[in-house]
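This is a predicted model, so every value here is computed, not measured.
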Amino acid sequence: MSRVASRREQYSQATRAALLAAATRRFAAQGFAGTSLEDVAADIQATRGAIYHHFANKTALFEAVFDQLETDALDESTAAAERAGDPAEAAYNALDAFLERCCDPVYGRLVWQEGPIALGWPQWLGTEKMLAYGFIERLMDELMESGHLERQPLPTTTRLVFGMLTAAAMTLANAAEETKPQLKTEYLDMISRLLGALRAEPGTT
C-alpha cells in the first residue's frame, strides 16, 4: 500500500509541477486576466478538475507561481551573497543578482506587473515583505555589525533599502528590453552610492 501511495504522491507532485510551469507560461504571455484555467489544463492535457485538486481557484494558482518565482529569486541573491568574502561584497552581489533577475521578462511581468493586480496591493506588498524584508534586514545588520556602515536604526534602514529595491524592480519590469542592461547598471551604481553615504567613519563603530 505504501508503494502505491508513494507512486500516487509522485504523480500528484509531478502534476502540480507541470501545472505551475504551464501557468507560468500562460500568465507571462497573456496576463492574469487573460489566462483561463481551461487553457492551463489543456496545455498539459489535464482536466480542470486536476487544477482544483491542487489549487482552489485561479488566484491561488497565480499565488503559487508568484511564490515560486520570488523564492527562486531570493535563493539566487542568497547564493550570490554567500560567495562573497565580506559583508560589503555580499550586499553588492545580492543586489546585482536581484537586479539581474528583475531584467528577466517573465519574472518582471508576473511579480512586478501582474502581481499587484492578481493578488491585490496589500497581499502583494505583504508577500514581498515576508520573502525579501528579512533578507535585506540581515544584510544591513551585517554591514553595520562589521563596521562597513554606520550603525543606524535597523528597521528604518531596512525599509529605506526595501523601498529603493522596489522602485528599481518596478522600473526594470516596465522598461523596454533593449534599455534594461543600462538601467540595471545605473541602479546598481546609484543604490551602491546611496548605501555608501552611510559608510562608517574610522572610530565610529
Side-chain angles (χ1 to χ4, degrees), residues 1-80 82 94 96-135 165-166 168-181 183-184:
M1 289 295 292
S2 62
R3 204 170 157 194
V4 173
S6 177
R7 286 178 179 174
R8 286 177 179 171
E9 184 177 339
Q10 290 175 6
Y11 177 78
S12 179
Q13 291 173 348
T15 300
R16 187 180 190 277
L19 286 170
L20 285 176
T24 300
R25 292 190 295 269
R26 283 284 180 176
F27 286 136
Q30 299 170 204
F32 177 76
T35 297
S36 71
L37 294 181
E38 289 83 358
D39 288 338
V40 174
D43 285 345
I44 65 166
Q45 298 181 327
T47 64
R48 182 167 173 152
I51 295 181
Y52 285 123
H53 176 74
H54 294 279
F55 307 101
N57 49 43
K58 186 169 74 169
T59 300
L61 175 59
F62 182 90
E63 186 174 4
V65 169
F66 179 95
D67 287 349
Q68 181 173 286
L69 288 171
E70 277 296 67
T71 299
D72 289 345
L74 183 58
D75 287 346
E76 288 177 5
S77 292
T78 300
E82 290 175 347
D96 182 59
F98 170 72
L99 295 177
E100 183 64 32
R101 185 70 159 155
C102 290
C103 292
D104 176 69
V106 173
Y107 176 82
R109 180 171 189 185
L110 296 189
V111 172
W112 298 97
Q113 293 179 330
E114 296 293 324
I117 298 170
L119 303 178
W121 179 261
Q123 182 180 348
W124 176 84
L125 184 60
T127 302
E128 280 300 305
K129 286 184 176 180
M130 180 181 67
L131 292 171
Y133 193 90
F135 178 63
L165 295 181
T166 298
M170 288 285 192
T171 301
L172 288 169
N174 287 283
E177 288 301 312
E178 64 271 15
T179 67
K180 287 181 179 180
L183 282 172
K184 181 211 163 184

Can you name the residues that form a side-chain contact (heavy atoms from CB on, under 4.5 Å) with Ile44, not counting sequence neighbours?
Ala18, Leu19, Ala22, Ala46

Going from CZ on Phe27 to OG1 on Thr35, what distance comes out if it is rounded to the nearest 0.5 angstrom?
5.0 Å

With sequence neighbours excluded, tell me which residues meet side-chain contact (heavy atoms from CB on, under 4.5 Å) with Asp39.
Arg26, Gln30, Ser36

Could you tell me if the side chain of Lys58 sits less than 4.5 Å from the side chain of Ile51, heavy atoms only?
no

Which residues pass the side-chain contact (heavy atoms from CB on, under 4.5 Å) test with Ala94, not counting sequence neighbours?
Ser77, Ala81, Phe135, Leu139

Between Gln113 and Ala173, the two heavy atoms sitting closest are NE2-O, 3.2 Å

Check the pair Val106 / Arg25 against side-chain contact (heavy atoms from CB on, under 4.5 Å), numbers first and verdict last.
CA-CA 8 Å; Val106 173; Arg25 292 190 295 269; over 6 Å; no

The salt bridge (Lys or Arg N to Asp or Glu O under 4.0 Å) partners of Arg48 (sequence neighbours excluded) come to Glu38

Could you work out, with side-chain contact (heavy atoms from CB on, under 4.5 Å) as the rule, every residue matching Thr47, not counting sequence neighbours?
Ala50

Contact summary for Ala168 and Leu99, nearest pair of heavy atoms
CB-CD2, 3.9 Å

Could you list the residues that satisfy salt bridge (Lys or Arg N to Asp or Glu O under 4.0 Å) with Glu177, not counting sequence neighbours?
Lys180

Please examine the side chains of Leu61 and His54, heavy atoms only from C-beta on, and report whether any two atoms are closer than 4.5 Å.
no

Could you report the tightest heavy-atom contact between Asn57 and Tyr52, atom names first, then the distance?
CA-CE2, 4.2 Å

From CG (Leu183) to CD (Glu178), nearest 0.5 Å
10.0 Å

For the atom pair SG (Cys103) and CZ (Arg101), what is the distance rounded to the nearest 0.5 Å?
11.5 Å

Identified ring-ring contact (aromatic ring centres under 6.0 Å, His included) counterpart of Phe32 within the set Phe62, Phe66, Trp124
Phe62

Residues 60-73 vs salt bridge (Lys or Arg N to Asp or Glu O under 4.0 Å), sequence neighbours excluded, gives none

Spacing of Leu110 atom CG and Ile117 atom CD1 [to the nearest 0.5 Å]:
11.0 Å

Which pair of non-hydrogen atoms, one from Tyr107 and one from Ala73, has the smallest distance, and what is that distance?
CE1-CB, 3.7 Å

Just verifying a value: how many Å separate Thr24 OG1 and Gln68 CD, rounded to the nearest 0.5 Å?
6.0 Å

Closest heavy-atom pair, Ala175 versus Thr179, reported as atoms and distance to 0.1 Å, is CB-OG1, 3.5 Å

Heavy-atom closest contact (Trp112 atom, Thr166 atom, distance)
CZ3-CG2, 3.8 Å

Can you pull the salt bridge (Lys or Arg N to Asp or Glu O under 4.0 Å) pairs that have at least one residue in residues 102-125, sequence neighbours excluded?
Arg109-Glu114

Identify, with sequence neighbours excluded, every residue that meets side chain to side chain donor-acceptor pair (under 3.5 Å) alongside Thr171.
Tyr187

